[in-house]
Amino acid sequence: MARRPARLFVANIPSIRTGGNMEKAKRYLVFFVGLFISSLGVSLITRADLGTSPISASPYVLSLHFPLTLGGFTIAFSLFLVLLQLILLRRRFRAEDLLQIPISVAFGVFIDLTMELLWFLAPQHYAARAVFLLLGCGVLALGVWLEVLANVAMLPGESFVRAVVTVWRTDFGVTKVCFDVAMTLGAAALSFVLSGQLHGVREGSLAAALLVGFLARLIGRRLAGAGPRLFGGTR
């Protein structure tokens, strides 16, 4: 199967079943670098205080009201999505899908780490917040692109969408948009239930939902030759 690492077709990412150990090691290294960069993007968006990304919205709202950190709630929510995949896919749930568990833990730890690294970031003016929001969207898009370029695994959010597509044969893009909208609306409802106000879901949430995928595709087009240079050609 020919690889298309520069294109953001996460629904079609296969597992690596062939190839040398060195290539696999490089791919996993690129994936975890991308995971860290994605967490940095999430933290930048969150610190901008104009809302956070759809997948992080509910964990962020919960972190405002309970002792567990944003990263901790991200891990818990990700594991819940893995459980939903198991229920949906049943026998079609593969042993390699369990790789999502350590990936979820790493992502949550990275988010807490980058939130601590950015402790000083608290922009007061709206223009400054907007700048950091856009910067966070760009950083998150770069991380997402690296994860797709590595072509070894998916985060539970995308894997859950893929599971829905597999079971009900829906379109991946449409299903992903519906998932993001549901996550955002769910976080808004959760915020009203817990505090009677809207926290964690603002215009920045919409911006992240619209911009990250677009920017990741743009990066993919600009750096279309990165895959062959990193991994020694396509297969």
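These values consider heavy atoms only, across backbone and side chains, with no hydrogens, waters or symmetry-generated copies.
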When you measure from the side chain of Asp97 to the backbone N and O of Arg94, does any donor-acceptor pair fall under 3.5 Å? yes

Which value, rounded to the nearest 0.5 Å, describes the distance between [X] atom [atom1] and [Y] atom [atom2]?
X      : Y      : atom1 : atom2 : result
Ile219 : Leu149 : CD1   : CG    : 11.5 Å
Arg47  : Thr114 : CZ    : OG1   : 9.0 Å
Leu146 : Phe31  : CG    : CZ    : 10.5 Å

Is there a side-chain contact between [X] and [Y], using heavy atoms and a 4.5 Å cut-off?
X      : Y      : result
Trp168 : Leu88  : yes
Phe66  : Leu194 : yes
Phe93  : Val82  : yes
Tyr60  : Phe73  : no
Phe179 : Ile55  : yes
Glu116 : Asp112 : no
Ile111 : Ile75  : no
Gln100 : Met154 : no

Run the numbers on Arg27 and Glu23 for salt bridge (charged side-chain N to carboxylate O under 4.0 Å, His left out), then give the verdict. CA-CA 6 Å; Arg27 287 184 179 276; Glu23 179 181 333; 2.8 Å; yes

Determine whether the side chains of [X] and [Y] contain a donor N or O and an acceptor N or O closer than 3.5 Å.
X      : Y      : result
Ser43  : Thr46  : no
Thr175 : Thr170 : yes
Ser38  : Glu147 : yes

Sequence neighbours left out, what passes ring-ring contact (aromatic ring centres under 6.0 Å, His included) with Phe36? Give chain and number order. Phe110

Please list, chain by chain and in numerical order, all residues satisfying ring-ring contact (aromatic ring centres under 6.0 Å, His included) with Phe132, sequence neighbours excluded. none

Side-chain atoms of residues 117-126: list all donor-acceptor pairs with protein atoms under 3.5 Å, sequence neighbours left out, distances to 0.1 Å.
unit_1	atom_1	unit_2	atom_2	d
Gln124	NE2	Ala122	O	2.9
Tyr126	OH	Glu203	OE2	2.6

Taking CZ in Arg92 as the centre, count heavy atoms belonging to other residues, nucleotides or ligands within less than 6.0 Å. Is the count above 12? yes

